[in-house]
Trainee: 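Questions regarding the structure given below will be posed in turn.
All values reported here derive from a predicted model rather than from experimental measurement. Note: hydrogens, waters and symmetry copies are ignored here, and every other heavy atom, side chains too, is used.
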Amino acid sequence: MTSAMPKRLVAELPGDPARLHLHYSHGHPAVPYDYEDTLEPWHVAVTYGIAGDEEWEAEEGDGGGHAPAADSKVGHLILWRLRDCTGDNRWEAADAESGDLEVIVSAVLGRSGRTGCSAAFEEAVTHPVGDLLILDRVSLDKAWRGFGLGPALAAEAIRRLSGGCCAVAVFPGMGEYPEDREQVTETYRLQAKKEIAALWESLGFQPFRRGVWVLDTALRQPEELMQARRAELRALGRPSNCPHSPESGLPDATAAAEGAPE
């Protein structure tokens with residue numbers, strides 16, 4: 001199975017990643033207007049622990065200092081649920097929100113946006129009927145990047161939000177670039193692209209078309225890969241772990257990938 005191996009020393013972790021918590025939020029008016037009945041935004045806040053945890057104990061020795069305070073925010077995810085059979089033009093709903101969503105939806109539906117999916121999508125997905133979940137953004141504070149946490153968190157969010165969805169789609173890209181833009185050579189871009197691809201393959205995404213990747217929710221593989229990501233996350237938090245050297249000569253590429261997609 002593909003693995004999202006960390007590219008930074010385990011000793012650099014600010015705290016135990018097993019203590020990260022995901023908080024889901026979605027709000028809407030009682031009577032939806034515009035495209036709110038068709039394109040649902042979901043925001044997932046990532047915190048270190050939760051407020052009011054009586055068993056919380058300050059950790060020392062992680063990264064040479066104290067662990068973050070309980071309930072401190074360390075990142076967020078943004079996902080969209082594109083609902084079927086609402087009467088709205090789904091392509092227009094995505095296009096009105098952002099260019100990246102338009103790219104994804106036009107690859108899946110075609111520009112008609114109303115009648116079914118594209119022929120390519122019907123061939124790529126086991127049951128191409130129902131809602132589509134779109135993974136739009138995975139962002140972590142810099143201190144938490146480079147350990148393969150982004151895919152693990154994305155897998156957990158997808159598990160909880162993909163019920164009734166025939167697939168999950170993503171348009172991966174570098175979330176941010178290094179401060180010294182001269183580092184962004186063609187070699188850097190190719191290496192970053194390779195590492196980003198490995199991150200999403202580690203969740204079961206497969207390249208589709210026009211730069212869009214798709215995860216088929218009807219397959220067993222995504223569940224197995226999620227369990228593998230959970231095991232890796234638990235292993236990162238074990239005190240017995242020995243720091244291992246980065247495997248890549250371009251660690252910033254993976255760190256930037258964990259700010260993606262955007």
Trainee: Taking all atoms of both residues into account, what is the closest heavy-atom pair of Leu149 and Leu233, and its distance?
Mentor: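 Looks like CD2-CD1, 4.2 Å.
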
Trainee: Taking the six-membered ring for Trp, are Phe205 and Trp200 parallel (under 30°), tilted (30 to 60°) or perpendicular (over 60°)?
Mentor: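 If you compare the ring of Phe205 with that of Trp200, the planes turn out perpendicular.
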
Trainee: Taking the side chain as every heavy atom from C-beta outward, state whether Leu153 and Arg229 have any atom pair closer than 4.5 Å.
Mentor: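 Not in contact.
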
Trainee: For Arg81, enumerate each residue passing the salt bridge (charged side-chain N to carboxylate O under 4.0 Å, His left out) test, keeping only those at least two apart in sequence or located in another chain.
Mentor: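 Arg81 satisfies salt bridge (charged side-chain N to carboxylate O under 4.0 Å, His left out) with Asp131 only.
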
Trainee: Any side-chain heavy-atom pair from Ile134 and Val168 closer than 4.5 angstrom?
Mentor: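 Ile134 does not reach Val168 side chain to side chain.
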
Trainee: For the pair Arg145 (side chain) and Leu140 (backbone), establish whether a donor and an acceptor sit closer than 3.5 Å, ignoring hydrogens and angles.
Mentor: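 Present.
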
Trainee: Return yes if some donor-acceptor pair links the side-chain N/O of Gln227 with the main-chain N/O of Glu224 below 3.5 Å, else return no.
Mentor: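 Not confirmed, Gln227 side chain does not pair with Glu224 backbone.
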
Trainee: Checking side chain to side chain contact (heavy atoms under 4.5 Å, CB included) between Trp80 and each of Asp136, Leu135, Val105, which is the one that passes?
Mentor: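 Answer after filtering Asp136, Leu135, Val105: Asp136.
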
Trainee: Asp216 side chain to Thr126 main-chain N or O, any donor-acceptor pair under 3.5 Å?
Mentor: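 Yes: the side chain of Asp216 pairs with the backbone of Thr126.
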
Trainee: Using every non-hydrogen atom in the two residues, find where Gln221 and Gly204 come nearest and quote the distance to one decimal.
Mentor: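 What the structure gives for the nearest pair is OE1-CA, 4.1 Å.
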
Trainee: Look at the rings of Trp144 and Tyr48 and say which category their plane angle falls in: under 30° parallel, 30 to 60° tilted, over 60° perpendicular.
Mentor: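 Because their plane-to-plane angle lies in the 30° to 60° range, the rings of Trp144 and Tyr48 count as tilted.
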
Trainee: After noting the C-alpha distance and the side-chain angles of Arg90 and Tyr35, does the key distance pass the side chain to side chain contact (heavy atoms under 4.5 Å, CB included) rule?
Mentor: CA-CA 8 Å; Arg90 291 175 290 169; Tyr35 295 115; over 6 Å; no

Trainee: Locate the shortest heavy-atom distance separating Leu39 from Ala93; write the atom from each residue and the value.
Mentor: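 That would be CD2-O, 3.6 Å.
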
Trainee: Ignoring hydrogens and angles, tell me if any N or O in the side chain of Ser139 forms a donor-acceptor pair with the backbone of His76 under 3.5 Å.
Mentor: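 Such a contact is absent between Ser139 side chain and His76 backbone.
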
Trainee: Check step by step if side chain to side chain contact (heavy atoms under 4.5 Å, CB included) holds for Leu79 and Arg137.
Mentor: CA-CA 7 Å; Leu79 301 95; Arg137 179 74 177 175; over 6 Å; no

Trainee: Walk me through it: do His26 and His43 pass the test ring pair (Phe, Tyr, Trp, His ring centres under 6.0 Å)?
Mentor: CA-CA 7 Å; His26 167 68; His43 185 274; over 10 Å; no

Trainee: Given Glu97, which partner from the list Leu101, Asp95, Asp100 fulfils the side chain to side chain contact (heavy atoms under 4.5 Å, CB included) test?
Mentor: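 Among Leu101, Asp95, Asp100, the one meeting side chain to side chain contact (heavy atoms under 4.5 Å, CB included) with Glu97 is Leu101.
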
Trainee: Taking C-beta and beyond as the side chain, do His28 and Pro41 meet within less than 4.5 Å on heavy atoms?
Mentor: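 Not in contact.
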
Trainee: Of all the heavy-atom pairs spanning Val44 and Tyr24, show the shortest one and how long it is.
Mentor: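 That would be CG2-CD2, 3.6 Å.
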
Trainee: Any side-chain heavy atom of Val74 sitting closer than 4.5 Å to one from Thr47?
Mentor: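 Result no, sub-4.5 Å side-chain heavy-atom pair not found.
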
Trainee: At their closest point, which heavy atom of His127 faces which heavy atom of Ala218, and how far apart are they?
Mentor: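 Answer, listing the atom of His127 first, then Ala218: CD2-CB, 3.9 Å.
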
Trainee: So how far is it from Ile104 CD1 to Phe208 CZ, rounded to the nearest 0.5 Å?
Mentor: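 If I round to the nearest 0.5 Å, the distance is 11.5 Å.
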
Trainee: Between the side chain of Asn89 and the main-chain N/O of Trp91, is any donor-acceptor distance below 3.5 Å?
Mentor: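 Yes; at least one donor-acceptor contact below 3.5 Å.
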
Trainee: Do Val46 and His21 make a side-chain contact, defined as non-hydrogen atoms from C-beta onward lying under 4.5 Å apart?
Mentor: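 Val46 vs His21: side chains apart.
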
Trainee: Between Arg83 and Asp37 (side chain of the first, backbone of the second, donor and acceptor by atom type, cut-off under 3.5 Å), is there such a pair?
Mentor: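 Not confirmed, Arg83 side chain does not pair with Asp37 backbone.
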
Trainee: Minimum heavy-atom separation for Gly211 and Pro172, please, with both atom names.
Mentor: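 So the two residues come closest at O-CD, 3.6 Å.
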
Trainee: If you look only at distance, which donor and acceptor atoms sit under 3.5 Å apart when one is on a side chain in residues 157-167 and the other is two or more places apart or in another chain?
Mentor:
{"unit_1": "Arg160", "atom_1": "NH1", "unit_2": "Glu156", "atom_2": "O", "d": "3.2"}
{"unit_1": "Arg160", "atom_1": "NH1", "unit_2": "Glu156", "atom_2": "OE1", "d": "2.9"}
{"unit_1": "Ser162", "atom_1": "OG", "unit_2": "Ile158", "atom_2": "O", "d": "2.6"}

Trainee: Rounded to the nearest 0.5 Å, what's the gap from CZ on Arg210 to OG on Ser118? Could you check?
Mentor: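 OG of Ser118 is found 7.5 Å from CZ of Arg210.
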
Trainee: Measure the shortest side-chain to side-chain distance between Arg234 and Leu236 over non-hydrogen atoms and say whether it is less than 4.5 angstrom.
Mentor: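 The answer is no, as the side chains (C-beta and beyond) never meet within the 4.5 Å cut-off.
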
Trainee: Distance check, rounded to the nearest 0.5 Å: Lys194 atom NZ versus Leu199 atom CG?
Mentor: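 Between atom NZ of Lys194 and atom CG of Leu199 there are 12.5 Å.
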
Trainee: Taking the side chain as C-beta and beyond, is there a heavy-atom pair between Leu132 and Asp84 under 4.5 Å?
Mentor: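 No, their side chains stay 4.5 Å or more apart.
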
Trainee: Start with the C-alpha distance between Phe147 and Glu12, add both sets of side-chain angles, then the distance that settles side chain to side chain contact (heavy atoms under 4.5 Å, CB included), and finish with yes or no.
Mentor: CA-CA 9 Å; Phe147 302 103; Glu12 296 180 59; 4.0 Å; yes

Trainee: Tell me whether Asp16 contacts the main-chain N or O of Ala18 through its side chain, where contact means a donor paired with an acceptor under 3.5 Å.
Mentor: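 Checked: pair present.
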
Trainee: Please tell me if the side chains of Val138 and Leu77 come closer than 4.5 Å, counting only heavy atoms from C-beta onward.
Mentor: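 Result yes, sub-4.5 Å side-chain heavy-atom pair found.
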
Trainee: Say whether Met226 and Val170 are linked into one hydrophobic cluster, either directly or through other cluster members, by side-chain heavy-atom distances under 4.5 angstrom.
Mentor: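 No, Met226 and Val170 fall in different hydrophobic clusters.
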
